[in-house]
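In each ligand, atom 1 is the first atom listed, and ligand 1 is the first ligand listed.
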Amino acid sequence: MSLFSKFDVLAERRKALNDTGAKPFDVVVERIISPTEAIVNGRKTIMAGTNNYLGLTFDPSCIAAAVDAVTAEGTGTTGSRMANGTFAIHGALERDIATFFGRRSAIIFSTGYLANLGILSAVTDHNDVIVIDGDCHASIYDGCKMSGAEVIRFRHNDADDLAKRLRRLGSRAADALIVIEGIYSMLGDQAPMVEIAAVKREYGGYLLVDEAHSLGVLGERGLVETANEHDSVDFITGTFSKSLGATGGFCVSDLPELELIRISSRPYVFTASMCPSVIASTRAALRVLQDRPELRDKLWRNANRLYEQLRNLGYQLGPHPSPVIAAMVTDIDEALALWTGLLQRGIYVNLVFPPATPKGSYLLRCSVSAAHT
Ligand code: PMP
């Protein structure tokens, strides 16, 4: 075994894929035109796989805030939050986020991926147990791995299966950390929040909800808000890279221990903090999210329309209409032909392969924006 022999299988698979002519992992946005249009392969293309739910990447107030910040505070912080990388605006964004969610405190991370990694690895260690929905995002799986905790998966969106697993834990359930998502990133389905919260109240434990895809999409704040389960949820994590059109991640909580994460979380301590311009556009986007509910209405009109029409065409979709709409295809050749055919006709969607997909299917994953017409 050589150092690189582990890549042999991957290299073979990539070659086989490239030989078909489809290159789903090599798409280059040659020029971005708007939240929903770009030049790809020299052609004007509708971007229908971007997570740009509210279409805020070109919002004039977000751009102006970013430009003012880069002019006033420079291009980067060149340091970790723990050293020279805490500027006043980092604290301001944390206060905005805490106030927005009605929580005691908020902590921001350089990406959403790091938020999950940073919280899970700091809150739990090898003495603890984390109980996660089987369809959770890679950042949650990686956070579990980094924590060293025992990890138990329950069947996707199955509150009874969660209850069964907590029951088996006996007295350990009272300190288990349960992790779910508001909207799941692959099929766009929502967690059964009320049922899961009831199980948590019965068996104890702490509940973390990742609202990466639901912030600004389900109500203003996500599924915890629309399900009215504020009091059952101990941690909410999320990202600024989807509905808020920037990059960065966050966690909010009423638990006073959240503040200690600042000195114990390696993904918080050992990376450079968010750039001033990114903080500024995120803060502006958070204001737009609250001031312009019509964007969310438009997003849902678009989502319902695409979901209904794809379903009428006979595609197998996720169980709920959502801004994430994925057509499940079992045959790789069909998936590649559909993806390539769409791109040649000027429509970009995500092509997602197993094992990132549920049930070993291939997904043509569309994401809808309020900016689509
Ligand atoms: N959580 C979920 C559920 C996600 O889908 C993603 C990104 N796809 C992340 C976290 C990570 O967010 P970011 O891209 O901002 O790192």
Side-chain angles (χ1 to χ4, degrees), residues 25 47-54 56-57 93 97 106-121 123 130 132-147 153 156-157 177-191 193 196 207-218 221-224 233 235-252 265-268 271-275 278-279 281-282 285-286 289 318 320 322-326 349-353 355-358 363 365-369:
F25 307 130
M47 302 304 280
T50 65
N51 308 309
N52 197 353
Y53 298 123
L54 300 180
L56 296 186
T57 47
L93 176 56
I97 294 286
I107 175 167
I108 57 171
F109 294 83
S110 302
T111 68
Y113 177 86
L114 289 176
N116 282 331
L117 216 58
I119 294 298
L120 291 169
S121 65
V123 169
I130 310 177
I132 67 172
D133 184 291
D135 279 6
C136 275
H137 185 256
S139 55
I140 292 168
Y141 275 90
D142 292 354
C144 289
K145 219 185 253 183
M146 191 170 175
S147 78
R153 287 189 302 172
H156 175 54
N157 271 354
L177 179 63
I178 305 161
V179 184
I180 61 169
E181 294 177 20
I183 288 180
Y184 284 87
S185 57
M186 287 296 120
L187 296 185
D189 48 342
Q190 297 174 26
M193 189 67 231
I196 285 179
L207 181 56
L208 183 155
V209 183
D210 180 347
E211 301 268 29
H213 292 272
S214 31
L215 167 67
V217 170
L218 297 174
R221 292 165 193 81
L223 182 63
V224 177
V233 176
F235 302 97
I236 294 174
T237 59
T239 176
F240 306 138
S241 71
K242 302 185 194 299
S243 55
L244 298 178
T247 56
F250 67 88
C251 178
V252 293
S265 173
R266 297 172 74 85
Y268 178 85
T271 196
S273 61
M274 287 172 69
C275 301
V278 178
I279 302 241
S281 83
T282 301
L286 196 61
L289 182 157
H320 316 128
S322 150
V324 177
I325 303 171
V349 301
N350 308 123
L351 178 59
V352 196
F353 285 69
T357 57
L363 296 183
R365 177 186 179 277
C366 315
S367 65
V368 175
S369 171

Inset, instruction - Pick one of side chain, backbone, both or neither for how Leu114 approaches ligand 1, counting any non-hydrogen atom pair under 4.0 Å. - result: neither
Legend entry - Which atom of Leu187 lies closest to which atom of Ala326, heavy atoms considered: CD2-CB, 4.1 Å
Legend entry - Interfacing atoms of ligand 1 (cut-off 4.0 Å, heavy-atom, Asn116): 1 (N), 10 (C)
Inset, instruction - Quick one: look up the protein heavy atom nearest atom 9 (C) of ligand 1 and list residue, atom name and how far away it is. - result: His137 CE1, 3.5 Å
Inset, instruction - Give the ring-plane orientation class for Tyr268 versus Phe109, where under 30° counts as parallel, over 60° as perpendicular and anything between as tilted. - result: perpendicular
Legend entry - Those residues that, when tested against Asn52, pass side-chain hydrogen bond (donor to acceptor under 3.5 Å, both in side chains) (two or more places apart): Thr57
Inset, instruction - May I ask you to check whether Gly112 has an N/O atom sitting below 3.5 Å from an N/O atom of ligand 1? - result: yes
Inset, instruction - Go through ligand 1 atom by atom and flag the ones less than 4.0 Å from a non-hydrogen atom of Glu181. - result: 3 (C)
Inset, instruction - Please could you name the atoms of ligand 1 that Thr111 approaches to less than 4.0 Å, counting only its heavy atoms? - result: 16 (O)
Inset, instruction - Identify, by atom number and element, the atoms of ligand 1 in contact range of Ser185, meaning under 4.0 Å from any of its heavy atoms. - result: 5 (O)
Legend entry - Closest non-hydrogen atom pair, Pro323 against Val217: CG-CG1, 3.5 Å
Inset, instruction - Find the distance between OG1 (Thr237) and CG (Asn116) and round it off to the nearest 0.5 Å. - result: 4.0 Å
Legend entry - ligand 1 contact by Ser139, heavy-atom criterion under 4.0 angstrom: yes
Inset, instruction - Just need the protein heavy atom nearest to atom 15 (O) of ligand 1, so name the residue and atom and give the distance. - result: Thr239 OG1, 2.6 Å
Legend entry - Subset of ligand 1 atoms that lie under 4.0 Å from at least one heavy atom of His213: 3 (C), 4 (C), 5 (O)
Legend entry - side-chain contact (heavy atoms from CB on, under 4.5 Å), paired with Leu208, selected from Ile130, Ile178, Ile119: Ile119
Inset, instruction - Give the C-alpha distance, both sets of side-chain angles, the deciding distance and a yes or no for ring pair (Phe, Tyr, Trp, His ring centres under 6.0 Å) between Tyr184 and His156. - result: CA-CA 10 Å; Tyr184 284 87; His156 175 54; 4.6 Å; yes
Inset, instruction - Look at atom 1 (N) of ligand 1 and say which protein heavy atom is nearest, naming residue and atom and giving the distance to 0.1 Å. - result: Asp210 OD2, 2.6 Å
Inset, instruction - Report the C-alpha distance between Arg221 and Ile236 in whole Å, list the side-chain angles of each, state the deciding distance to 0.1 Å, and finish with yes or no for side-chain contact (heavy atoms from CB on, under 4.5 Å). - result: CA-CA 10 Å; Arg221 292 165 193 81; Ile236 294 174; over 6 Å; no
Legend entry - All salt bridge (charged side-chain N to carboxylate O under 4.0 Å, His left out) counterparts of Arg365, not counting sequence neighbours: none
Legend entry - Shortest protein contact, atom 14 (O) of ligand 1 (heavy atom only): Ser241 OG, 3.5 Å
Inset, instruction - Starting from atom 11 (C) of ligand 1, locate the nearest protein heavy atom and write down its residue, its atom name and how far away it is, to 0.1 Å. - result: Tyr113 N, 3.4 Å
Inset, instruction - Could you find the nearest protein heavy atom to atom 8 (N) of ligand 1 and give me its residue, atom name and distance? - result: Lys242 NZ, 2.9 Å
